[in-house]
Amino acid sequence: MSNCLQNVVILGGGSAGWMTAAYLSKALDKNVHITLIESSDITKIGVGEATFSTIKLFFDFLGLQEHEWMPKYNASYKMAIKFVNWNAQCRHFYHPFQRYETVEGFDIAEWWLKMKRGQEPFDYSCFLIPLLCDHQRSPRYYDGTVFDDKVQNLFSDKVPSKKNVLADLKEQYPYAYHFDANLMARFLKDYSKQRGVKQIVDDVVDVELTENGSINSLITKEHGNISGDLFIDCTGFRGLLINKVLNEPFISFSESLLCDRAIAMQVPTDIKNEGINPYTTATALSSGWVWNIPLYGRIGTGYVYCSQFLTQEQAEQEFRQHLGSHAQNCKASHIKIRVGRNRNSWVKNCVAIGLSSGFVEPLESTGIFFIQHGIEELINHFPSKTFNEELIKSYNKAVSECIDGVRNFLTIHYYASDRADTPFWKATKHEILIPEELREKLRLWKTRLPNNKNINPNYHGFESYSYSVMLLGLNYVPLESLPALDHIDERKAIQAFQHIRERANYLKTTLPSQYDYLTNVIKSQQQSQYLN
């Protein structure tokens, strides 16, 4: 037991801190003491968060069911991202949580290029979800049944908690969530404290290092020295431990991703009359894009833009003009965003998780995903007091490959778009860095769509269908369809397209609206609490 790591100290609360505390308290339930230190002075923006569908693994592992946490988070379902004005025609398209069907060994999108190009939008032809999004459907029936029969057994309340790993996930869950990040942190704080996590509300005024440069203790204003074996930096963009104390360099992605500022806002909405969209919206503006995240009761929104092309005042003016009169009295928060990652997210006995580790634009809702990935990899590489260097190196490789993979995927969103009507959109074609490996893939994707063999092989959360969706939606389309399809009978492809259309129309008419479903869940919870 002498080398057994026993004391974990997390600096910083918020989403990253309390997700880490909750997960570690469940995964390491023996001989580990967890302390979380957070300041009472940190301002939380709380605009709302959108997630990957893989966040289900996180809640499953904690043993939490949707009806337990969704009402407490003001949460809603997310089946896709709707991209608006990202191409020259200003035609919207959906990036859904749904894999392509395979017909005669080829993705149905390849058949679309051959049979339906120029006739029907690819997303409505190849997926069920776009039509459900247009009609604000819930992904679940009132009895809890999920519209995708292939994964119904994975959404049962009777499914036991299990420790799944993101990279090993074989299923495609058909939806993710939107929720209030501040409410999530509060909920997970209660969960963590019930499992023995000690919370200290205080400010760290100094850090004591050992002779070899590792962290020995955090010196707080009111509680004195807080010592530990492993320190987890969840201090956001500040990177108080990883960058300011341990001086780990930060690698900027500004050569590839130009946006470096954000304006965030909370906007009220009448969900009873307007409904709740089951998707995140990303709307391109003159010098960036606007996110719209519908929660149960309000909307979280923000403008991510490049300060080379807009001043803060110009950006807010454009943003407010886009939102219209219903946001007239809403307060705007201006944020400098640090886009990039640390050279290493684990240095000596300190691991950075969340914004202190790395961040890309929230264009594909990767913020919570990076936290989840960092936590899971920490468990997979959990150290003893000896802090084996090979273990640390392996962790850093997994984290850096994941973030770098997302960076390249997001770069495609700009570079592959045929929109070039403003200085910003022109710069995304001519002034950003495209690694040669990515350029080579882009040349290939002008010949055929991405598949599992020609996308980034390192785990970064995105599958080949996501690449295809973005390229087709951005008008970066192969010049011809695959020659092999000319030698294959089309009848099965015709049947597949017909089945998708019929199934989508059936679900559109039978699934409840998202507003009705979530309201029913909330009422059921209130009645249950009243009876108990």
First locate atom [atom1] of [X], then atom [atom2] of [Y], and finally report the distance between them rounded to the nearest 0.5 Å.
X	Y	atom1	atom2	answer
Ile368	Met19	CD1	CE	5.0 Å
Leu132	Leu511	CG	CG	6.0 Å
Leu28	Arg195	CG	CZ	10.5 Å
Asn182	Glu49	CG	CD	9.0 Å

Handout entry: Face-on cation placement of Lys82 at Phe93 ring, 6.0 Å and 45° thresholds
Key = no
Problem - Cation-pi check, Arg99 onto Tyr465 ring (under 6.0 Å, within 45° of axis) - result: no
What about [X] and [Y], are their ring centers closer than 6.0 Å?
X	Y	value
Tyr94	Phe127	no
Trp86	Tyr414	yes
Phe83	His413	yes
His322	Tyr303	no

Exercise for the section: Establish, from distance only, whether the side-chain atoms of Thr283 and Thr281 form a donor-acceptor pair under 3.5 Å. Expected result: no
Exercise for the section: Verify the distance criterion only: is there a donor paired with an acceptor across the side chains of Gln98 and Gln172 at less than 3.5 Å? Expected result: no
Completion exercise
All heavy atoms of Glu361 vs all of Leu410, minimum pair found to be O-CD1, 3.4 Å
Completion exercise
Residues Tyr175 and Ser53: closest non-hydrogen pair is O-CB, 3.2 Å
Would you call [X]-[Y] a salt bridge at under 4.0 Å N-O?
X	Y	result
Asp148	Lys150	yes
Asp260	Arg338	no
Asp404	Arg341	yes

Practice task
Please test Val469 against Asp123 for side-chain contact (heavy atoms from CB on, under 4.5 Å), starting from the C-alpha separation and ending with a verdict.
Solution key: CA-CA 8 Å; Val469 164; Asp123 46 349; over 6 Å; no
Looking at [Y], is its backbone amide N or carbonyl O close enough to the side chain of [X] to form a donor-acceptor pair, meaning the two atoms are under 3.5 Å apart?
X	Y	result
Glu377	Ala398	no
Asp180	Leu183	yes
Ser192	Leu188	yes
Lys26	Ala22	no
Gln194	Tyr191	no
Gln199	Lys189	no
Gln152	Val146	yes

Exercise for the section: I would like to know whether Tyr467 and Phe409 meet ring pair (Phe, Tyr, Trp, His ring centres under 6.0 Å); could you show each step before the answer? Expected result: CA-CA 8 Å; Tyr467 284 77; Phe409 182 56; 4.7 Å; yes
Taking the inter-plane angle between the rings of [X] and [Y] on a 0 to 90° scale, is it parallel (under 30°), tilted (30 to 60°) or perpendicular (over 60°)?
X	Y	answer
Tyr173	Phe155	perpendicular
Tyr177	Tyr77	tilted
Phe179	Trp69	perpendicular

Fill in the blank from the handout: With Arg320 as partner, the option from Glu318, Gln317, Glu316 fulfilling side chain to side chain donor-acceptor pair (under 3.5 Å) is Glu316
Practice task
For side chain to side chain donor-acceptor pair (under 3.5 Å), just list the numbers for Lys244 and Thr235, CA-CA rounded to whole Å, side-chain angles, deciding distance to a tenth of an Å, and then say yes or no.
Solution key: CA-CA 11 Å; Lys244 295 187 177 179; Thr235 61; over 6 Å; no
Fill in the blank from the handout: Exactly one of Phe97, Phe58, Phe370, Phe462 clears ring-ring contact (aromatic ring centres under 6.0 Å, His included) with Phe52, and that residue is Phe462
